[in-house]
Every structure is written in structure tokens, then in C-alpha cells.
Amino acid sequence: MKKACVIGWPIAHSRSPLIHGHWLDKYGIRGVYEKHAVKPQELDEFLAGLIAAGYSGCNVTVPHKQAVFEAVASADDATRRLKAVNTVFARDGALFGTNTDGEGFLAHLKASCPDWSATRGPVAVLGAGGAARAIAGALLDAGVPEIRLFNRTQERSRELASDIGGAIDCRSWSDRHLGLEGTGLLVNTTTLGMKGSAPLTIDLDRLSPHAPVYDIVYSPLMTELLKRAQAKGNPVVDGLGMLLHQAVRGFELWFGVRPEVTEELRALIVSDIEASL
Ligand code: ATR
């Protein structure tokens, strides 16, 4: 029986077990996918015992993505640039780290906003954590001319910019309102607005009405940010599609079948999120 899991702290909000459980059933695979609450101080010990405990690998969520990069034995080139891991698998008896957040982010943006193009203008990114690293890398690789990075902790933004390279303009967190002027896409990668977290305060007056607003928070699905953007007439992109698309490569690595993201799967997760609110 193949086993995988998702680790985070806290982990209660994670829908990854539902997603992978749905695919295990659909493809008739004998396997399990669990969730484990792992405190930061327990992370190294958990990872060191992962293979011996019979796991093929794991997903990694807040706040462990960067710490797991430091802990794995090796990683691919793109992941070494990000220094953040969201997917771990066992290879030759050791842990290998990769990152599927960027491909999940872009796949869902293109599917939701076919009119958006990378050359439209600078992109405003809120946050500089693990998810922001993957998203900034994917956006620059897709051809965006500049990223304006707004983060509370400046040191973290500067580290992100120097690791990823390219046109990343580090701005102060308090500049996030006026700094939207002239941007062609706004992305929230912070945990603000997530159920149980503080709200995200941002003034959208300077944002072009054509700029999509993409919130990677998916619990709730329609965050206050997305509601306000929609009321202003901006296209909105929720965080669920990214979550579904980033899961594809991990499932394939652990269970050997490339799964499909379907409307049925999305509806299953939407109803679970709505039931929890
Ligand atoms: P992930 O790996 O999912 O990106 P993370 O690494 O914990 O998660 O990053 C969370 C992001 O939310 C960070 O950018 C964090 O800002 P700091 O770098 O200053 O910590 C941001 N964030 C969390 N709480 C915040 C708050 N109250 N105000 C502003 N930003 C916040």
C-alpha cells in the first residue's frame, strides 16, 4: 500500500487529503493520503523518519516550505532557485524536493483569464513566503516585465529578489495601496484573509479595472479581497484551481498515475469548504 501525506502547522484547513483521496478512488489505487500537524521544532525529525515510516513522499504547506528545502537531500534546478519545496518524494532512499506551486498557479490563471497576458504590465505580489517565491519565479519565466513585491518584512523580500533574480522591485508593505497604479495583475500570497487569520486591508482604488485579482487563499473561496475586486468589476481568480493543479505532479510521483483536474473534483472541494465556514 503506497502512502503519502501533507504536513503543515496548522494543518486543519488542508484539503489535500480530499483531493488525493478522490483520485485514489477514481483510479482504483490501493493507497492512503493523510495529514499531519508538524510543529516547526518537530520538522527535521518527522522528515528523517518519513521513508522508514513507509511514505512515498509528502506535500508541504505553511510554514514549512523553506525549511523543507533546507532539509531534503537534493532538489531540481528550479526548486533550488526558489529555495522552497511543496512536494517531497523518495528517490534512491533519500528525500528529493520539488515545487509544483508555480505550474499550478499559472495553469489556473490561464484557464480563468484567457485574456491576461504576461506582457500587460508589472504584477503586484503581496507576500514573500514560500508560495510567493514559486509564483514570482513562474511569472518572470512567463515574461512579466516587473514584479512589485509588497511584504511586511523587508529582509524577506530582499532575499527572495536576490534568490530568484530578474526584475523584482521590493516595496514597503505600506506602499501596497498606491503601488497598484499601472499594474496588470494583483496576487495575494499572504495568509491574510484566510479563515482564522487577520483580514487583508488594501485599497484597490488605484488598480486598473482590467487587472485580474488572484487570491491564493481558498478558505473561504471568495475572500473579502475577491469580493471587493469583483464589486469593482475586476476579473477574479480564486485559490482553489492552483491547489488542484499543484497536486497533479505529486500524485503522479507517489502513486504512478497522472490525474485529471475535473469539475467534479472542484465541486467536491467547494462543498467541503462551504460546509466548514
Ligand atoms: P507560504 O509558504 O504559504 O507563502 P509563509 O512562508 O508563512 O507561507 O508566508 C506567509 C506570508 O504572509 C508572508 O509574506 C508574511 O509576511 P512576513 O514575511 O512579514 O512574515 C505574510 N503575512 C502573514 N501575516 C501577516 C500580517 N499580519 N501582515 C502582513 N503580512 C503577513
Side-chain angles (χ1 to χ4, degrees), residues 6-16 35 37-41 43 47 58-72 75 78-79 81-88 97-105 108 123-139 147-164 168-177 179-180 186-203 214-219 223-225 238-247 250:
V6 57
I7 59 172
W9 181 259
I11 198 62
H13 72 277
S14 176
R15 264 69 191 189
S16 291
K35 63 180 166 191
V38 177
K39 293 179 186 155
Q41 61 270 30
L43 183 64
L47 291 172
C58 66
N59 277 130
V60 181
T61 186
V62 180
H64 297 321
K65 290 178 186 182
Q66 287 168 266
V68 169
F69 172 74
E70 301 297 335
V72 292
T79 304
R81 175 180 173 217
L82 301 174
K83 296 188 176 160
V85 160
N86 81 332
T87 303
V88 173
T98 189
N99 198 309
T100 64
D101 279 339
E103 67 211 42
F105 170 85
H108 184 46
V123 175
V125 174
L126 307 177
R133 287 175 166 256
I135 288 168
L139 285 168
I147 289 178
R148 284 185 206 160
L149 187 64
F150 304 91
N151 196 49
R152 180 180 58 176
T153 310
Q154 287 287 287
E155 181 60 23
R156 237 179 155 192
S157 306
R158 283 194 288 269
E159 269 173 33
L160 184 155
S162 102
D163 288 342
I164 309 283
I168 301 180
D169 182 9
C170 298
R171 303 277 187 107
S172 69
W173 179 241
S174 58
D175 191 31
R176 68 193 181 282
H177 318 286
L180 297 180
L186 166 62
V187 187
N188 174 43
T189 78
T190 74
T191 46
L192 297 172
M194 186 161 91
K195 187 183 170 213
S197 296
L200 169 62
T201 52
I202 184 166
D203 182 345
Y214 193 149
D215 197 337
I216 72 161
V217 169
Y218 59 83
S219 180
T223 58
E224 290 303 316
L225 171 67
D238 66 52
L240 183 53
M242 175 174 168
L243 178 76
L244 301 178
H245 282 99
Q246 65 75 31

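All of these numbers come straight from a predicted model, not from anything done at the bench. Each ligand, and each atom within it, is numbered from 1 in the order the structure gives.
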S.K.: Apply salt bridge (charged side-chain N to carboxylate O under 4.0 Å, His left out) to D101 and list each qualifying residue two or more places apart in sequence or on a separate chain.
M.R.: K65
S.K.: Please work out whether any backbone atom (N, CA, C, O) or any side-chain heavy atom from C-beta onward of R152 is under 4.0 Å from ligand 1, and answer side chain, backbone, both or neither.
M.R.: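 R152 to ligand 1: contacts from backbone and side chain alike.
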S.K.: Under 4.0 Å, heavy-atom basis, I'd like to know which part of N151 is in contact with ligand 1: side chain, backbone, both or neither.
M.R.: side chain
S.K.: Decide yes or no on side-chain contact (heavy atoms from CB on, under 4.5 Å) for V38 and L47, but give the supporting numbers first.
M.R.: CA-CA 10 Å; V38 177; L47 291 172; over 6 Å; no
S.K.: In the protein, what heavy atom is nearest to atom 9 (O) of ligand 1, and what distance, to one decimal place, separates them?
M.R.: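 Checking every protein heavy atom, the shortest distance to atom 9 (O) of ligand 1 gives G129 CA, 3.6 Å.
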S.K.: Have T190 and N188 got a donor and an acceptor in their side chains that come within less than 3.5 Å?
M.R.: yes
S.K.: Would you say R156 has any N or O atom under 3.5 Å from an N or O of ligand 1, going by distance alone?
M.R.: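 By distance alone, the answer is yes.
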S.K.: Tell me which protein heavy atom sits closest to atom 11 (C) of ligand 1, plus the residue, atom name and distance to 0.1 Å.
M.R.: T190 CA, 3.9 Å
S.K.: Have a look at L149 and tell me which of I164, L160, D169 forms a side-chain contact (heavy atoms from CB on, under 4.5 Å) with it.
M.R.: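 Filter result, single survivor: L160.
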S.K.: Among all protein heavy atoms, pick the one closest to atom 8 (O) of ligand 1 and tell me residue, atom and distance.
M.R.: V62 CG2, 3.6 Å
S.K.: Under 4.0 Å from a heavy atom of K65: give me the atoms of ligand 1 that qualify, with their elements.
M.R.: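 Under 4.0 Å from K65, ligand 1 has these atoms: 2 (O).
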S.K.: Among side-chain atoms of R176 and T201, is any donor-acceptor pair under 3.5 angstrom?
M.R.: yes
S.K.: At their closest point, which heavy atom of V72 faces which heavy atom of V88, and how far apart are they?
M.R.: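 For V72 versus V88, the nearest heavy atoms are CG1-CG2, 4.2 Å.
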S.K.: Heavy atoms only: which of T153, V217, L149 is nearest to atom 17 (P) of ligand 1?
M.R.: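 Closest candidate by heavy-atom distance is T153.
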S.K.: Answer yes or no: does an N/O atom from G130 fall short of 3.5 Å to an N/O atom of ligand 1?
M.R.: yes
S.K.: Evaluate the side-chain proximity of H108 to D238: yes if any heavy-atom separation is below 4.5 Å, no if none is.
M.R.: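 In short, these two side chains touch, coming nearer than 4.5 Å.
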S.K.: Is the closest basic N to carboxylate O distance between E159 and R156 below 4.0 Å?
M.R.: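 Looking at R156 together with E159, the answer is no, because their closest N to O distance does not fall below 4.0 Å.
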S.K.: Quick check on contacts: which atoms of ligand 1 are under 4.0 angstrom from a heavy atom of G127?
M.R.: 14 (O)
S.K.: Around atom 23 (C) of ligand 1, find the nearest protein heavy atom and jot down its residue, atom name and distance.
M.R.: T191 OG1, 3.4 Å
S.K.: When you compare ligand 1 with L192, is there at least one nitrogen or oxygen pair between them that comes in under 3.5 angstrom?
M.R.: no
S.K.: At under 4.0 Å between heavy atoms, is it the side chain or the backbone of A128 that contacts ligand 1, or both, or neither?
M.R.: backbone
S.K.: Under 30°, 30 to 60°, or over 60°: which ring-plane class applies to H13 and Y218, parallel, tilted or perpendicular?
M.R.: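 Plane angle between 30° and 60°, so tilted.
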